[in-house]
Protein chains: 2
Amino acid sequence: MDLNERKLKILQAIVSDFITTSEPVGSRTLSKRPDIDLSPATIRNEMSDLEEMGYLTHPHTSAGRVPSDKAYRLYVDQLMQGSDLPEVNKQEITDRLHKDADELDQTVEHAAQLLSEMTNLVSFAITPNRSESKISYINFLPVDENSVVLMIVCEDGKVTNSAIRMNAPYTEENLTLMSKVMTHNFKGKAVSAVLTENIASMFESDMQALSGLAGSVVPSFMKTLEKMLNVDLYMDGYSNIFRLPEYSDVAKAQNFLETVTNKEQFTNVLVNRDNGLAITIGDENSEDLKDCALVTADYKVNGKLVGRLGVIGPKRMKYGEVTSVIKYITDNLSRTFEIEAPAEEAEPVEAADNDEQ
Amino acid sequence: MDLNERKLKILQAIVSDFITTSEPVGSRTLSKRPDIDLSPATIRNEMSDLEEMGYLTHPHTSAGRVPSDKAYRLYVDQLMQGSDLPEVNKQEITDRLHKDADELDQTVEHAAQLLSEMTNLVSFAITPNRSESKISYINFLPVDENSVVLMIVCEDGKVTNSAIRMNAPYTEENLTLMSKVMTHNFKGKAVSAVLTENIASMFESDMQALSGLAGSVVPSFMKTLEKMLNVDLYMDGYSNIFRLPEYSDVAKAQNFLETVTNKEQFTNVLVNRDNGLAITIGDENSEDLKDCALVTADYKVNGKLVGRLGVIGPKRMKYGEVTSVIKYITDNLSRTFEIEAPAEEAEPVEAADNDEQ
DNA sequence: TGTTAGCACTCTGAGCGAAAGAGTGCTAAC
DNA sequence: GTTAGCACTCTTTCGCTCAGAGTGCTAACA
């Protein structure tokens, strides 16, 4: 038995019908569609075949057919027609993303917000991983006699800072010296590379005058670098799930919310997805998301750093629309954080990208 | 008719019974309690009186009594007995709050997490408002030829930074000069005070050499200062509401989540609450929270800055337990961010408090 | 005079069965 | 190969009854 033209057509009709109604699709309903010119009985035969082939299931004998994960996969890969975003929406995306375009974090948060509004699903966005970002400055500033602030600036403009409680007394000169020596040592190196270096030994050789401070500074420096690698997760539209009949059961809604509000775990899921546009459906996800579908896409910052943005919802989602919204937003974000007029320079000029407060 | 001893006792029994069961309380149930030695009929008479006085309501004729908002208020003010936190919980709070005590934001986030776990309610925490914090440094760092990073450090160690896109070319010397002049001008002034000054004029008089840069810098500087005033909101335990029978109705759960996930609006509610321990019940809240109760308390940072932490849940909450957990956590937080061993100095030494990236 | 027992009454919620509706699968005819 | 027809299945909804919980009132009691 093979998937001939007619079976595909029927399958497509069933999937798209089910996506909009969330009700099992019966043969009579299908036969009424203008694009399908077959009697209910014929359709029933085909549906029976499709079920045997694993594309459809049956909640119970006297119910219509429901697409299986396999059917959604086929639908997404071959059957679905990409929808073009209405001009109004495009305009809105552009407008709203450019409103606070000088703050990466804020813009990304807005992007997530926008996405949940436009898809009526739960949306999320993660900021780029900076393990390959290069260090640009290291700076110690006095706060009071016991504590200083350490700030590390990356070439892409990202700033991370921490408070450090000093064990030994320090002078402003100490701090300036330390800032200079460390900047000199690490400038131009990637964050991940520095994290594997033996920093303590550097203090011994280069900075004997400061070795008394090393005990306070080294662990904090490492911690701050690690903080630089943290990926922020923004989510929006939690309450959208209540609009979906699949979550009218409170237990299911609870389950979903629990999974999705576990930031650490969920960030992990997102970080480990395929690059580019990625759609995973049902089984293709981990156990606790097996009733969901995720659609994600990447955005670029300075043409290098890669963040990610997407939605999570029921397998029955409007893949065409959702995909085009996500693509449009990520493209827009990438353009927003694009290098501006590199013009004559060979080395790329980093665009404004910086952290939140 | 007045609230005599017996009526109070009955009312207290009804409220505490309803809090644990969420079922309307009948006269027979009450008469079985060891602390109430009255026949159901007598209790019925008293309940009828209490209803007339506005302390009880009746879902329908043949149901037990339910406390009114007025009853909860009385309960909280007079009838409830404060519970003492078990030693295990105290220990856990202390342990978990001190794990990352060098990062205010992170600690506050952990506190919210802890609170939702211990109360099984939705918890929240806001970071302190810094409008009265004093500025300590202002620093411009070059990023690339078009952009610089501006960072403002407060006396309490809080750092805020922004990327600035420059309209005119700049030199490192320009930045250093600008940093010095601005630090000199604003050091020791409160953020809110600086925000009302006429910064632009300062550029004209003090910094003529830099006036070409002022156009880029002044608006960004103001924006960054405003960012310094932003209060961060952390929430946790959203999915706890599904455990409560009052939210077994999906529409109610949706409503609740929508109200509470509106960060801006909800932050506003929190910022405008009374200082110290504040409990608001039903009507006492805004319209969209009229079925809820909020309990909040303040914590202090450096004995000055004040943040806030609390829970939101149904009016039927264990006020005693909740209050003692919140108090214990806020006290603990205040101690964590306390000035450490000021010893000989007159001027208070600021403890480590700094921002999240 | 306050308290209590008794009883009729009310309202809710669970349980049950009937009936409607949707849809299938099979058979037989086209 | 397609279709009409029909018996059959399963779910959902509706109405009904009945048990249970609780009240309010009255009358008796201490």
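Scope of the values below: all heavy atoms of this structure, side chains included, with no hydrogens, waters or symmetry mates. This is a predicted model, so every value here is computed, not measured. Sequence lines set the chain letters: A, B, ... in the order given, protein chains first and strands last, and positions in each chain run from 1.
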Query raised in the report: Roughly, in whole Å, what's the span from CG in A:L30 to P in C:dT24?
Result: 9 Å
Query - Protein-nucleotide distance (B:E46, atom CD; D:dG24, atom P), rounded to Å - result: 13 Å
Query - Minimum-distance nucleotide to A:M47 side chain [options: C:dC11, D:dT23, C:dT24] - result: C:dT24
**Report entry** Electrostatic pair A:R33-A:D17, nearest N-O below 4.0 angstrom
**Finding:** yes
Query raised in the report: OP1, OP2 of D:dG22 versus side-chain N and O of B:S62: anything below 4.0 Å?
Result: no
Report task. For A:T61, answer base if it contacts any base atom (sugar-phosphate contacts may also be present), sugar-phosphate if it contacts only those atoms, and nothing otherwise; contact means non-hydrogen atoms under 4.0 Å. Result -> sugar-phosphate
Query raised in the report: Atom CD1 of A:I43 to atom P of D:dT2: distance rounded to whole Å?
Result: 12 Å
Query - Residues B:E117, B:R96: salt bridge by 4.0 Å N-O rule - result: yes
Requested in this report: For B:A41, report the nucleic acid contact type (base, sugar-phosphate, nothing); a contact means any heavy atom under 4.0 Å.
Outcome: base
Query raised in the report: Is it true that A:D49 and A:K7 have a side-chain N and a carboxylate O under 4.0 angstrom from each other?
Result: yes
Report summary line: Among the nucleotides D:dG22, D:dT23, D:dT3, whichever has the atom closest to the side chain of B:S27 is D:dT23
Report task. If C:dC26 has a Watson-Crick or G-U wobble mate with both distances under 3.5 Å, name it; if not, just say none. Result -> D:dG5
**Report entry** Polar side chain donor-acceptor pair, B:R65 to B:T57, under 3.5 angstrom
**Finding:** no
**Report entry** Opposite nucleotide pairing with D:dT12, Watson-Crick or G-U, both atom distances under 3.5 Å
**Finding:** C:dA19
Report task. Round to a whole Å and report the spacing from CZ of A:R28 to C1' of C:dT24. Result -> 13 Å
Requested in this report: Check the distance between D:dT2's C1' and A:N45's CG and give it to me in whole angstrom.
Outcome: 9 Å
Query - Minimum-distance nucleotide to B:R6 side chain [options: C:dT3, D:dA4, C:dA5] - result: C:dT3
Query raised in the report: How close or far is atom P of D:dC8 from atom CZ of A:R44, stated in whole angstroms?
Result: 16 Å
Query raised in the report: Can you tell me how far C1' of C:dT24 sits from CZ of A:R65, to the nearest Å?
Result: 7 Å
Query raised in the report: Closest nucleotide of DNA chain C for B:H60 versus for B:P40: which of these residues is on the 5' side?
Result: B:P40
Query raised in the report: Hey, mind stepping through B:D77 and B:R73 against salt bridge (Lys or Arg N to Asp or Glu O under 4.0 Å) and telling me if it holds?
Result: CA-CA 6 Å; B:D77 289 343; B:R73 182 81 270 165; 3.4 Å; yes
Requested in this report: Starting at atom CD of A:E23, determine the distance to atom P of D:dT12, rounded to an integer number of angstrom.
Outcome: 10 Å
Query raised in the report: What nucleotide among D:dA21, D:dG24, D:dT3 has an atom nearest to a side-chain atom of A:L38?
Result: D:dT3
